[in-house]
**Q** 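Below are the C-alpha cells for one structure; questions will follow.
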Amino acid sequence: MQGMRAIERGLGMNRARVRFAPSPTGYLHVGGARTVLFNWLFARHHGGTFVLRIEDTDVERSTEASVDAIIDSIKWLGLDWDEGPTVGGRYGPYFQSERLDIYREYADRLLSKGYAYPCYCTPDELEEARRAALARGESVGYPGRCRHLSAEERRAFEAEGRKPALRFKVDDGETVVDDLIRGEVRFENRFIDDFVILKSDGYPTYNFAAVVDDTLMEISHIIRGDEHLPNTPKQIMMYRALGFDLPRFAHVSMILGPDRTKLSKRHGATSIGQYRDEGYLPDALVNYLVLLGWAYDATSQIFSREELVEKFSLEKVSKNPAVFDPEKLLWMNGHYLRATDLKTLAALAVEHLARAGLATASPDGREMARIEKIVGLLRERMHTVKDVVTLGDFFFTEKVDYDAEAFEKFLTRDYVPETLREIRRRLAAIDAFTAADVEKVLRGYAAEAGRKAGDIIHPVRVAVTGRAASPGIFEVLELLGRDVTCSRLDAAVARLATGS
RNA sequence: GGCCCCGUCGUCUAGCGGCCCAGGACACCGCCCUCUCAAGGCGGUGACACGGAUUCGAAUUCCGUCGGGGCCA
C-alpha cells in the first residue's frame, strides 16, 4: 500500500503519461516488447496516456524500415499509443530528428547558466589521454581539460576551426535515484565524468534529449530497462539544472538469454516479427512476456488483456533479471491456440499453408471449411500455427512421404498387405464415409481377423499419413475422403509388393 | 578498471519475521485416459549461493564473501 501511494503521488495533478522511446536501429525485440507492454499496461490501468517517441538521433544507424518494423510489431502485439508517429499529438514532433532546434535551445540555456561548457577535445586526444591514464594506472574518465579554459584558449581552438561539443558540468555531491522498483539508489557524483550533452555535429546525446523530451512531453513515469539506471543520475542533474520537475523512475530488469547475458540475436529468435512469422499468437506472447518479471499472485498464469489492464501494477514487478524460456512460451502459445476459435485459427493457418505451397493464399469457401476441420483435428497437438504444416501436410499433398522408421515398424509385418487390401475393399463398399463408419470397418475387420484394433489401425495410419503419429485415424480418414484413402492404401500395397 | 543492479527448484516466480522441513507454472519422470501423438487428469523428482550478526524465531533484517549481469570507459 505504501508503494501504491508513492505512485499516485507521482501522478500529481495529471493522469499518468508514459512513453516508449525506441531507437530505430533494428527490430522490436523481446526485451523492448516487454517494456512497451509494461508502459502500455501502466497507462491503461491508470487511464493515462501512452506516448511513442522515436529516438532517431543516431543518423548513421537509424532507418525508416526500422521505424516501420517497430511500429508493426507493437501493433501486432495488439498495443496502441495515444500520441506519436501516425497518430500525432499535442506534444510533437515525436521524432527526435525533428526536434534538434529544441535541444539546441535548452543546451544554450545550460551553457548560459554555467551548467555546461564547450569542449574542444578531439576523439584522438581523448583516446590518447585515456591510454596515458591507463598506463599510469589511473581512472580513465574525461580528464576535464576544457572545463577551465580561458577565453584566449577558447579563441585559439576556435581559430583552429575546431567545433566544440557541449559538456555538462558535474558538481560534487551525491545523486539519489528514487526508483519505484529498486528503491533509493545512491550515486556519488565524483564517479561521474563531465558528460557530453551536445555532440560537435550539433546532435544531442541520448541522456540529454531524453530529459528535454520527457519534460516537454510531460512524462510522469519513466518505465524502462535496467540498463538505463546508471544514466539516471546524469539525467537527474540535468533536470535540476534546467529547473525541471523530476518524473518518477521505474527500472525494469533485463531479459536474459539462457547463458544469463543480455538477450541477443545469437540466442536465437529475439525479434517480435520472427515470432509472428513462426506462428505465435500475440496474446500468447503478451501473456508470456508479462510473466517475465511480473506476477499477480502465487498461482495465476493465464491473463486476458482485460485482466492484465485491471491487475497490472509496478509494485509487483520483480527486481531480478529473467531468463527467456522458449519452452514455456511454446506451451503458452499452445494453450492460446486451443482457446482460439477455429475460424480465426484456420485463417491464420492458411497463411502458413500458402507459404509452404500446400494451399492457395485465398481458398474458396469449401476449401476453407475443410481447413477449418483439419485445424480442428490438429489443434490439440499444435504449439504454433506453423505446426499445421508439419503436422498436417498429408492433408494437402497428392502422395505421402513415408517416415522410414514408421514404415519399417508398421508396414513390413507380413499380415499387412492383405490387411490393407481388405480394408480398402471394405471402405470402398460402405455407404457413408464418416468417422463412425470407418471405425466400424476397421474394428470389425480386426475382430474378424482376431487381431487387436491397434494392429490394424497403425499400419493404416502409416499407409495414409506416412507417419506413426496423427490425430484420431477415423476422423483423419473421413476428412481425407474415400478416394484419397483408397488410393493411398493402394499405393502402400503397391509399394510393399515392389519394394522390400 | 570504476560505479550500479541482482542472487528461492534447470527456467519464470509466490514469499515482504512465525501460516514454509517453502506454494504455483514450464520442462522432466510415472500413472490414468487412449488407435498413435497430443490434449486433459492425478502423482513425483527438484530451490532459499555461502559465512557471520540481530531475534525466542530468518528465505524474509543487517554485514561480509562469492557468483552473475549492466553502465561508463
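Below, read A as the first sequence line, B as the second, and so on, with proteins coming before strands; counting in each chain starts at 1. Values reported hereafter were calculated over all heavy atoms of this structure, with side chains retained and with hydrogens, waters and symmetry mates removed. Predicted model, so just to flag it, every value in this text is computed and none were measured.
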**Q** Side chains of A/Asp387 and A/Leu378: closer than 4.5 Å at any heavy-atom pair?
**A** no
**Q** I need the CG-P distance between A/Leu391 and B/rA38, as an integer number of Å.
**A**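 Answer to the nearest Å: 11 Å.
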**Q** Provide the distance between the two P atoms, one in B/rC16 and one in B/rC28, to the nearest whole Å.
**A**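 Each nucleotide's P atom is 32 Å from the other's.
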**Q** Would A/Glu55 and A/Arg53 pass as an ion pair if we require N to O under 4.0 Å?
**A**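 Looking at A/Arg53 together with A/Glu55, the answer is yes, because their closest N to O distance falls below 4.0 Å.
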**Q** Can you tell me the pairing partner of B/rC35 across any strand shown, Watson-Crick or G-U wobble, with both distances under 3.5 angstrom?
**A** none
**Q** Measure from the side chain of A/Asp325, starting at C-beta and using heavy atoms only, and say which of B/rC4, B/rA38, B/rC26 lies closest.
**A**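 Side chain of A/Asp325 sits closest to B/rC26.
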**Q** Side chain to side chain contact (heavy atoms under 4.5 Å, CB included) between A/Arg495 and A/Tyr402: does it pass, once the steps are laid out?
**A** CA-CA 11 Å; A/Arg495 165 82 179 261; A/Tyr402 300 108; 3.2 Å; yes
**Q** May I have the distance from A/Tyr206 (atom OH) to B/rC72 (atom P), rounded to whole angstrom?
**A** 10 Å
**Q** Are the side chains of A/Asp194 and A/Tyr117 in contact, using a 4.5 Å heavy-atom criterion?
**A**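 Yes, side chains in contact.
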**Q** With a distance cut-off below 6.0 Å to the six-membered ring centre and an angular limit of 45° from the axis, does A/Arg370 pair with A/Phe396 as a cation-pi contact?
**A** yes
**Q** Would you indicate what A/Ser318 reaches in the nucleic acid, counting non-hydrogen atoms under 4.0 angstrom: base, sugar-phosphate, or nothing?
**A**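 It contacts sugar-phosphate atoms only.
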**Q** Taking for each residue the nucleotide of RNA chain B with the nearest heavy atom, is it A/Ile457 or A/Thr261 whose nucleotide lies nearer the 5' end?
**A**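 Taking each residue's closest nucleotide, the earlier one in sequence belongs to A/Ile457.
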**Q** The side chain of A/Asn231 is closest to which nucleotide in this list: B/rA27, B/rG24, B/rC71?
**A** B/rC71
**Q** Just one of A/Tyr288, A/Phe312, A/Trp294 clears the ring-ring contact (aromatic ring centres under 6.0 Å, His included) bar with A/Phe303, so which one?
**A** A/Trp294
**Q** With both distances under 3.5 Å as the test, what is the Watson-Crick or G-U wobble partner of B/rC19?
**A** none
**Q** Does the A/Thr232 side chain pair with the main chain of A/His228, one donor and one acceptor, at a distance under 3.5 Å?
**A** yes
**Q** RNA chain B: A/Ala468 or A/Arg338, which has the more 5' nearest nucleotide?
**A** A/Ala468
**Q** Please work out if A/Arg379 contacts a base, only the sugar-phosphate, or nothing of the nucleic acid, heavy-atom cut-off 4.0 Å.
**A** nothing
**Q** For B/rA25 and B/rG43, measure between their P atoms and round to the nearest Å.
**A**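 One P to the other, the span is 10 Å.
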**Q** P atom, B/rG68 versus B/rC19: distance in rounded Å?
**A** 34 Å
**Q** Ignoring the backbone of A/Ile473, work out which of B/rC35, B/rA38, B/rC6 is nearest its side chain.
**A**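 The answer is B/rC35, which lies nearest to the side chain.
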**Q** Whether A/Asn320 contacts B/rU8 is assessed here as follows: a side-chain N or O lying under 4.0 Å from the phosphate OP1 or OP2. Is that the case?
**A** yes
**Q** Grab the CD1-P distance between A/Ile302 and B/rG40 for me, whole Å please.
**A**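 Atom-to-atom, A/Ile302 to B/rG40, this comes out as 10 Å.
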**Q** Please find out if less than 6.0 Å separates the ring center of A/His221 from that of A/Phe38.
**A**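 No - the distance between ring centres of A/His221 and A/Phe38 does not fall below the 6.0 Å cut-off.
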**Q** Contacts to RNA chain B from residues 438-451 of chain A, heavy-atom cutoff under 4.0 Å, which residues?
**A** A/Arg443
**Q** Partner of B/rG1 by Watson-Crick or G-U wobble geometry, both contacts under 3.5 Å, or none?
**A** B/rC72
**Q** P atom, B/rA38 versus B/rC26: distance in rounded Å?
**A**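 It comes out at 16 Å once rounded to the nearest Å.
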**Q** Please determine, for the side chain of A/Pro230, which listed nucleotide (B/rA38, B/rC3, B/rG70) has the closest atom?
**A** B/rG70
**Q** To the nearest angstrom, how far is A/Met254 atom CE from B/rC12 atom P?
**A**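 Result: 13 Å.
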**Q** Salt-bridge test for A/Arg248 and A/Asp178: reply yes if a basic N is under 4.0 Å from a carboxylate O, no otherwise.
**A** yes
**Q** From the options B/rG23, B/rC12, B/rU36, select the nucleotide whose nearest atom is closest to the side chain of A/Ala298.
**A** B/rG23
**Q** Could you check how far CG of A/Leu378 sits from P of B/rU36, rounded to whole Å?
**A**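 The answer, rounded to whole Å, is 18 Å.
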**Q** Report which part of the nucleic acid A/Gly472 touches: base, sugar-phosphate, or nothing (heavy-atom distance under 4.0 Å, all strands).
**A**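 If one applies the 4.0 Å heavy-atom cut-off, A/Gly472 turns out to touch a base.
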**Q** Answer with base, sugar-phosphate or nothing: what part of the nucleic acid does A/Arg461 contact at a heavy-atom distance below 4.0 Å?
**A** base
**Q** Can you check the A/Leu291 CG to B/rC26 C1' distance for me, whole Å?
**A** 10 Å
**Q** With a non-hydrogen cut-off below 4.0 angstrom, is A/Phe195 in contact with a base, only sugar-phosphate, or nothing?
**A**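 It contacts nothing in the nucleic acid.
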**Q** Below the 4.0 Å mark, does B/rC12 have OP1 or OP2 next to a side-chain nitrogen or oxygen of A/Arg260?
**A**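 A/Arg260 to B/rC12 OP1/OP2: side-chain N or O found under 4.0 Å.
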**Q** Say whether, by atom type as modelled, one donor and one acceptor occur between the side chain of A/Asn39 and the main chain of A/Ile223 under 3.5 angstrom.
**A** yes
**Q** Looking only at atom types and distance, does a side-chain atom of A/Asp179 sit under 3.5 Å from a main-chain N or O of A/His251, one as donor and one as acceptor?
**A**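 It does hold such a pair.
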**Q** Taking the P atom of each, how far is B/rA58 from B/rA22, in whole Å?
**A**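 Between the two P atoms, the distance is 16 Å.
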**Q** Mind checking if A/Gly293 touches a base, just sugar-phosphate, or nothing, with heavy atoms under 4.0 Å?
**A** sugar-phosphate
**Q** Under 4.0 Å, heavy atoms only, any strand: does A/Lys262 hit a base, just the sugar-phosphate, or nothing?
**A**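 Answer is sugar-phosphate: A/Lys262 comes under 4.0 Å of backbone atoms only.
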**Q** Over all strands shown, is A/Glu327 touching base, sugar-phosphate only, or nothing at heavy-atom distances under 4.0 angstrom?
**A** sugar-phosphate
**Q** Expressed as a whole number of Å, how far does the P atom of B/rG15 sit from that of B/rA73?
**A**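 Result for the P pair: 38 Å, nearest Å.
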**Q** In whole Å, measure the gap between the P atoms of B/rC4 and B/rG52 for me.
**A** 27 Å
**Q** State which of B/rC5, B/rA25, B/rA39 makes the closest approach to the side chain of A/Glu380.
**A** B/rA39
**Q** Test salt bridge (charged side-chain N to carboxylate O under 4.0 Å, His left out) on A/Asp213 and A/Arg19; report intermediate values, then the result.
**A** CA-CA 10 Å; A/Asp213 288 346; A/Arg19 48 56 161 195; over 6 Å; no
**Q** Counting only Watson-Crick pairs (N1-N3 plus N6-O4 or O6-N4) and G-U wobbles (N1-O2, O6-N3), all under 3.5 Å, who is the partner of B/rG67?
**A** B/rC6
**Q** At less than 4.0 Å, is any side-chain N or O atom of A/Lys319 found next to OP1 or OP2 of B/rC6? Yes or no.
**A**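 It does, given that an N or O in the side chain of A/Lys319 lies less than 4.0 Å from OP1 or OP2 of B/rC6.
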**Q** Could you identify the nucleotide paired to B/rC28, looking across every strand shown and requiring Watson-Crick or G-U wobble geometry with both distances under 3.5 Å?
**A**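 With both distances under 3.5 Å, B/rC28 matches B/rG44.
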**Q** Counting only side-chain heavy atoms from C-beta out, which of B/rC72, B/rC3, B/rC26 sits nearest to A/Trp331?
**A** B/rC26
**Q** In Watson-Crick or G-U wobble terms, both distances under 3.5 Å, what is the partner of B/rU61?
**A** B/rA53
**Q** Mind checking A/Pro258 for me? I need base, sugar-phosphate or nothing, with any heavy atom below 4.0 Å counting as a touch.
**A** nothing
**Q** Between B/rU11 and B/rU54, how far apart are the P atoms? Round to whole Å, please.
**A**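 Result for the P pair: 33 Å, nearest Å.
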**Q** Please report the distance, rounded to the nearest Å, between CG in A/Asp193 and C1' in B/rC3.
**A**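 A/Asp193 atom CG is separated from B/rC3 atom C1' by 11 Å.
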**Q** Of the candidate nucleotides B/rC35, B/rG70, B/rC37, which contains the atom at the shortest distance from the side chain of A/Arg381?
**A** B/rC37
**Q** Nearest-Å distance, CZ (A/Arg467) to P (B/rA38)?
**A**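 After rounding, the gap between these two atoms is 14 Å.
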